[in-house]
Structure formats: structure tokens, C-alpha cells
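Quick note: residue numbers are just sequence positions, from 1. Just follow the structure's listing: the first ligand is 1, and inside any ligand the first atom is 1.
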Amino acid sequence: MSRKMNGCTVTNGYNLENGPCLPSKNGFGCNNDHSASCNCYKRTRYMDIDCQSYTYEDIRETSGFLLQKTKYRPEIGIICGSGLGSLAESLTEKQYIPYKEVPHFPVSTVKGHVGQLVFGMLQGVPIMCMQGRFHYYEGYPICKCAMPVRVMKMIGVNYLIATNAAGGLNESYNVGDIVVIKDHVNFMGFAGVNPLRGPNDERFGPRFPAVSKAYNAELRAAALKIGKEMGIQNSLHEGVYTCLGGPNFETIAELAAMKVLGIDAVGMSTVHEVIVACHSGITVFAFSLITNKCLTTYDDDDVANHEEVMETAKNKEDVLKEFVSRMVQHIQKIGGK
Ligand SMILES: O=P(O)(O)O[C@H]1O[C@H](CO)[C@@H](O)[C@H]1O
């Protein structure tokens, strides 16, 4: 079926001459004629509709905009998971920048993800915090979900603290526990859904990055030590996380399969951010808050739901703020500013 979109004829979502026809970006990058001189054309001519990566220049435009807007020059970035936006509230001298004001940025559509950047100080350290992240199930291509990590890097961020809400599949986990992520299984990547898919611009990182050490060992060890100091060692674990496409929670059979594969915590985020961080040379620390137990038998009366996820996150707010704050202090000690 053909129709007109942004001045070009689109057939089943494609402008047959120039590749997918992107909506106007409010003057950023697209001049709407979709000719060879148009960034939309340049960005998409080699790619299919699911892989409209941002160019280096796009990311420079976004980071340039932010650097102009804020006096902060953070080396540490934090991504707040579902219901964990309050982590950003620990910052002092806060400056809020809504995503909708930032060129090229997606907007948040999920309950529990405010949709703004928060710049400020934590433990005397400048921080850039995402109060709201992007998930594949929202309809964004996976490279778009991970794009803010490239922006962080260009702003000067060298350490990423990625947080998420996750279901606990490991039977020893309880609701409210913290899992320091030591590794992930990229299920979506098995099917080719990877934020690095598409032409590689070496200025972002190498074509074939190693991700076997994605979750920094020194920071993981520090987190376990901090947990001990806080007296939460019995509810603190190290484990393997996986990201599924969502938005539905998992079936019993899917969970049974994942258990066999050694997965401890199940979510719908983080992996794409960590891959892009790793690609761009950012040191990663990530953890899950276990917001619900994965239900693995057919006779369970309960079912997973987002309200429970949000409620658990709210209940653990204070301990998580303390945990993150101590991690920031540690990172500053070992080299972050
Ligand atoms: O991973 P975060 O963003 O913390 O959110 C998790 O919680 C939501 C489901 O309740 C999903 O978005 C899942 O990914």
C-alpha cells in the first residue's frame, strides 16, 4: 500500500528509492526531501527499517546540546530502572532536562520512567542520570534504545551504573534482593537484534567488540564489599541477567528453559545499553532489583505484573540510594571524577 509521508511516497513503510522514510526530526538531521543529500537518506540507504542508527554527527549534536545546557561535566552516568527513578533524587543541585527537549532523543512511554535527564552532584561527584530508559517493546529499534549511552560517552562519561527491575529466577532470590550482574545472555542477540547491527563507525568503537568482560570485576567485588558494610550481604548476590523483548512476562516453559541455561534474573532492558557501553569503552557496573519472583509452576495462583514491580522498587528506594551512593564514592576513589 502506498501513501505520502514527509514528502515521499512510502510503500509498506519504505520509500522504495531511498529506503525507509523517517518522520521529520524537527529540523535535526532531516531536510524532508529524502534525496541523497538528506541525512535520512544517508542514515538509511544501507539499512532495513529496524536499524536506523544514529550517525556520529547526530550524537555530537545531542551531546553538544547538553554540554551547552549544563555546567556539569560528569564522568559517571546512571540509568534508573522501572520504579527506580528516585535514585536521581539523591543528587543535589539538580538540573532537569526533559527528553522531549533533547535533539534526537526518544521519549519515555513506560509507567515508572519519568523521561528526563537529571544532572547534579552525588558524594561531591558530578553525575548524569537517566530518569527513564528505552525498551525494545516500546517500538523503538534497539539501537535507538541504547543511543543515550553513546551520548553519555561523548559527554565524557567513563563509568556507567545501569540499574533495572527484574524477576528472580534463581530460587535462592527473594523479592527485594539486589543482584550484581556478572554476565548476561543476549537472547535478543541470538535472533540478530543487536544495538551494534548496521554499518560500524569506528569513531564509536570496533566492528567486533569483545563483551566477555563487560561487567567490571573490580566494581563487582567492590559492590559485594559495600553490601557487607551496609549489612545487606544476605540479600545481595552476583548473577546472570537476561533481557527478553517483552512486553509480556514469560511463560512457565520459557522460564524453565532459561533456568537450564543458568539465568538468574529476567528483565527487558540493560543488555543493549551494556553492549553499547562496552563498545565505546565505558566501564560498566549493573545491578537488578528483584521485584518479583518468576513463577515457575502451573499451579501458582499469582501472575507477574508491573504494579508489583513498581511497588517493590518503591519499598527498596532508601537502601538502593545508599548502595548507589557508596558505589559512586568508590568509583571516584578509583579514578572517576
Ligand atoms: O528493566 P527496567 O527498565 O527496570 O524495567 C523492567 O520492568 C518492566 C516490567 O515490569 C520492564 O520494562 C522490565 O524491563
Side-chain angles (χ1 to χ4, degrees), residues 77-89 99 105-118 129-142 144-149 152 160-169 173 175-181 184-189 193 195 215 239-251 254-255 258 263-277 284-295 302-317 319-321 323-324:
I78 299 175
I79 301 178
C80 302
S82 282
L84 300 174
S86 66
L87 291 176
E89 301 307 333
Y99 294 162
F105 238 68
V107 291
S108 294
T109 67
V110 184
K111 214 164 141 188
H113 292 263
V114 180
Q116 60 188 6
L117 292 170
V118 187
C129 193
M130 284 181 67
Q131 218 175 24
R133 66 147 55 87
F134 308 108
H135 309 82
Y136 191 63
Y137 63 76
E138 292 176 73
Y140 296 121
I142 202 73
K144 194 160 189 167
C145 297
M147 165 269 198
V149 176
M152 281 185 178
L160 173 67
I161 301 180
T163 74
N164 63 56
L169 185 56
Y173 294 176
V175 170
D177 287 1
I178 298 172
V179 181
V180 171
I181 303 178
H184 67 231
V185 174
N186 184 8
F187 269 127
M188 295 168 69
V193 179
Y215 300 88
V240 175
Y241 174 86
T242 197
C243 165
L244 303 174
N248 60 277
F249 291 102
E250 305 69 42
T251 67
E254 284 163 353
L255 290 167
M258 285 190 265
I263 288 157
D264 299 300
V266 184
M268 307 171 196
S269 71
T270 307
V271 167
H272 49 278
E273 298 154 354
V274 171
I275 289 172
V276 167
V284 174
F285 172 67
F287 70 85
S288 299
L289 172 70
I290 299 302
T291 51
N292 56 289
K293 266 184 169 273
C294 291
L295 304 170
D302 241 351
V303 288
N305 65 88
H306 191 55
E307 283 60 45
E308 183 186 4
V309 169
M310 304 273 287
E311 196 184 316
T312 310
K314 174 105 200 85
N315 291 340
K316 296 306 283 189
E317 211 170 88
V319 66
L320 292 178
K321 279 182 182 165
F323 183 62
V324 168

(request) Check each protein residue for a heavy atom under 4.0 Å from ligand 1 and list those that pass, ordered by chain and number. (result) G81, S82, H113, R133, H135, Y137, N164, A165, F249, M268, S269, H306, V309
Can you tell me if [X] and [Y] form a side-chain donor-acceptor pair at under 3.5 Å?
X	Y	value
Y215	H184	yes
R133	T270	yes
N164	S288	yes

(message) Over 60° means perpendicular and under 30° means parallel, so tell me whether Y99 and F105 are parallel, tilted or perpendicular.
(response)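 Judged by the thresholds at 30° and 60°, the geometry between Y99 and F105 is tilted.
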(message) Parallel, tilted or perpendicular: which one describes the rings of F287 and F285, with boundaries at 30° and 60°?
(response) tilted
(message) Holding to side chain to side chain donor-acceptor pair (under 3.5 Å), I want the full list of residues that pass it with D177, two or more places apart in sequence or in another chain.
(response)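 D177: side chain to side chain donor-acceptor pair (under 3.5 Å) contacts with H237.
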